[in-house]
Amino acid sequence: MFDIINRTILSPSSLRVKRREDQISRLQKIHQQSVSANVAALSKTRQEMDEKDIHSFIDDFLKETTKSRKHKQPKDDSPANTTSTVANATTSTPSILGLTSQHVFLSIDKEVVQAPLLTFVNVLAKAFEEKMTSTALCFVADASSALGLDMIHQIVKDSDAGMALVQQPAWMANLALLHSKFDPSNLQQIIFAFSRLDAWRVRDQVGEARTAVFTLPGQGTTSILLPILQKVFPCERHVFVYDGGIDSVSRGVTLTCSERERTCHFIPFSPIDPMPCIDELAKLAITKAELVEAWMSSIDAFLKLKHAEKKTGYVPFVCRLGFLMSQVGQLGNGKVDQSELALKNLLQYMTGSKSSSRALKESVLENAKGAMLQVRSKEMQGAKRRKGNLSEYERGMVEECAFAHKGILIENKTLMDTVQPKAEWSLKAAKKMTSCACCMPGQGDEESDEEEEEDDKSESRTEGVGAGKGIAAITGVEIKDQNDAKAMFTATPSTNYVDGKSMFAFDPSKFTGM
């Protein structure tokens, strides 16, 4: 009710300030409640560690040998596991319950222990820097209002591919909320130490793939966490899974209050790091405006990292949900069902099994297919229930908001370097571009399907940071001066540019068929 009045009497800029104040207050309250609830649930008395205790404790639990355990770990029903599926691998390995700007709360043998955050992190980070590990890390970021994360979660759990799941850890959500209270070096140290700690705790759950899969706690945290994760873990695996703007907003609107609370207490649906002022957001109700902004902030983080790819080394597996959801016939999803091939490509990347010497087992593929179909069936039912929850006017406003962001332009429906389902897939969509980027798609020279296929074959094995050196030259981000324009729109046929059409990001509404 108050938001309706505010939208009527306030200017877009004033409304934005008002909404942001309310949003910050709500997020701070949620953070405090989550930390307090986790602490109170396990013990009424808290123990505290000093620096000497921290050194001895970390030395002790890291001496535990990494023997494989085949028996199931007992289920932990504590609140900490409502946002993280990390199970206790040993009785002495700590579980992170939550953070404040000063302290970290740990669960050790069902007892809550409080330790000074930065002291604990510094000692832990140093210990892990000296510790060799055979477990690879895979970080999954989302821009789909959680559908992509649901898909990844189900696949990892059911496929039996040798991956352990660290599902939306609460400490990541806490850190995203508190990021402004730390300097960059401390943020990187916390990310490194706690990621390695969670991977250590699930080391006995990983199988042949030796991979710990971390899913970020929702699209609202991507803009904060993803750049830090890429900087701290540039050589680990990264997946960016996305869906269109209108489908993502519609999906978020239908989530009930209980479902939102289960998913990190609204955090995935609130833009923790808001976008620059977009007047069109003032035309939407606050819930829908927040969903639009959270989705856009996640896409924006992706685009920024790709724009600076030569510097950041960000070459993720860009996963388009339209392929996995078998949305055949919709623009960008192909004319035939490629979901099984897309699923195989994703699993090959996440498990490091692309080479013939480490081929995926048929049983793994069948299990993963069953998981994919399960999520697809649930989403189809959800799509029927939410049909019409966005009016034509609101759908138009979502498009206007996306268009206001200079990097998310209309005319194409696929993010740059989206992995196309192929037997010989590539992380880089290397295609020859003969027209300049200032032309709209279709105005310059276009390659025939046969020419594109030949280019795909010739470049299909080109991967990694070194591939496509010219990718950072064309991004669709806002041009501030002529030097930027010259740098961004200089086409060199000899470099591995993405097809010019795909650089106009994607239509945020229509490629999912809604």
Side-chain angles (χ1 to χ4, degrees), residues 27-28 30-62 76 78-129 131 166-202 212 214 216-217 221 224-225 228-229 232 264-265 267 272:
L27 289 172
Q28 289 175 340
I30 290 168
H31 170 249
Q32 186 59 47
Q33 289 175 342
S34 66
V35 172
S36 299
N38 284 331
V39 170
L42 293 184
S43 175
K44 293 183 180 180
T45 60
R46 296 186 299 186
Q47 303 178 31
E48 295 190 11
M49 283 188 182
D50 57 24
E51 186 170 354
K52 182 179 179 180
D53 295 331
I54 291 171
H55 277 278
S56 60
F57 171 72
I58 290 176
D59 287 343
D60 287 344
F61 86 76
L62 285 181
D76 184 358
S78 68
N81 277 337
T82 63
T83 55
S84 177
T85 60
V86 182
N88 287 327
T90 70
T91 56
S92 60
T93 303
S95 173
I96 308 166
L97 297 179
L99 311 175
T100 68
S101 59
Q102 300 294 325
H103 297 97
V104 55
F105 298 101
L106 307 167
S107 173
I108 305 172
D109 296 335
K110 300 295 182 179
E111 293 291 328
V112 174
V113 177
Q114 176 180 291
L117 175 61
L118 295 182
T119 302
F120 183 83
V121 164
N122 289 335
V123 176
L124 185 63
K126 184 177 180 180
F128 275 123
E129 285 170 358
K131 194 81 174 176
V166 183
Q167 181 177 335
Q168 298 177 290
W171 65 264
M172 280 192 178
N174 294 160
L175 188 62
L177 290 172
L178 298 170
H179 73 280
S180 62
K181 298 183 181 295
F182 302 100
D183 62 44
S185 62
N186 286 335
L187 284 173
Q188 294 168 26
Q189 195 88 319
I190 294 169
I191 288 280
F192 171 79
F194 288 166
S195 295
R196 287 292 303 272
L197 177 61
D198 275 347
W200 176 266
R201 295 201 311 112
V202 299
F214 289 73
L216 274 61
T221 66
I224 301 297
L225 298 176
I228 306 173
L229 285 166
V232 174
C264 289
H265 307 276
I267 289 172
I272 294 176

### Task
Mind checking the CG-CD1 spacing from Asp59 to Ile54? Nearest 0.5 Å is all I need.
11.5 Å

### Task
Tell me, please, which residues at least two apart from Asn186 pass side chain to side chain donor-acceptor pair (under 3.5 Å).
Asp183

Listed pairs under 3.5 Å, donor-acceptor, residues 115-127 side chains, sequence neighbours left out:
residue : atom : partner : partner atom : Å
Asn122  : OD1  : Gln189  : NE2          : 3.4
Asn122  : ND2  : Leu118  : O            : 3.1

### Task
Identify the residue among Leu99, Ile190, Asn174 that makes a side-chain contact (heavy atoms from CB on, under 4.5 Å) with Val104.
Leu99

### Message
Using only atom types and a distance under 3.5 Å, with no angle test, would you say the side chain of Ser195 pairs donor to acceptor with the backbone of Phe192?
### Response
no

### Closest heavy-atom pair and its distance - Pro94, Arg201
O-CD, 2.7 Å

### Query
Any idea which heavy atoms bring Thr100 and Phe105 closest together, and the distance?
CG2-CE1, 3.8 Å

### Message
Test side-chain contact (heavy atoms from CB on, under 4.5 Å) on Ile108 and Phe61; report intermediate values, then the result.
### Response
CA-CA 11 Å; Ile108 305 172; Phe61 86 76; over 6 Å; no

### Task
Decide yes or no for Thr221 and Met172: does some side-chain heavy atom of the first lie under 4.5 Å from some side-chain heavy atom of the second?
no

### Task
Check whether any side-chain heavy atom of Asp198 lies under 4.5 Å from a side-chain heavy atom of Trp171, and answer yes or no.
yes

### Summary
Taken to the nearest 0.5 Å, the spacing of Leu197 CG from Ser95 OG works out to 8.5 Å

#### Entry: His179 (side chain) donor-acceptor with Ala176 (main chain) under 3.5 angstrom
yes

### Summary
Ala173 and Pro217 have their tightest heavy-atom pair at N-CG, 3.7 Å

### Message
For a side-chain contact (heavy atoms from CB on, under 4.5 Å) check, start with the C-alpha distance between Ile96 and Leu106, then their side-chain angles and the critical distance, and finish with the verdict.
### Response
CA-CA 5 Å; Ile96 308 166; Leu106 307 167; 4.1 Å; yes

### Query
Does the pair Ile228 and Leu175 meet the rule for a side-chain contact (heavy atoms from CB on, under 4.5 Å), with working shown?
CA-CA 11 Å; Ile228 306 173; Leu175 188 62; 5.9 Å; no

### Query
Rounded to the nearest 0.5 Å, how far apart are CD1 of Ile224 and CG of Leu229?
11.5 Å

### Task
Nearest 0.5 Å please: distance from the CG atom of Leu187 over to the NZ atom of Lys181.
12.5 Å

### Task
For Phe128 and Arg196, work out which heavy atoms get closest and say how close.
O-NH1, 3.5 Å

### Query
Considering residues at least two apart in sequence or located in another chain, which fulfil the side chain to side chain donor-acceptor pair (under 3.5 Å) criterion with Gln32?
Ser36

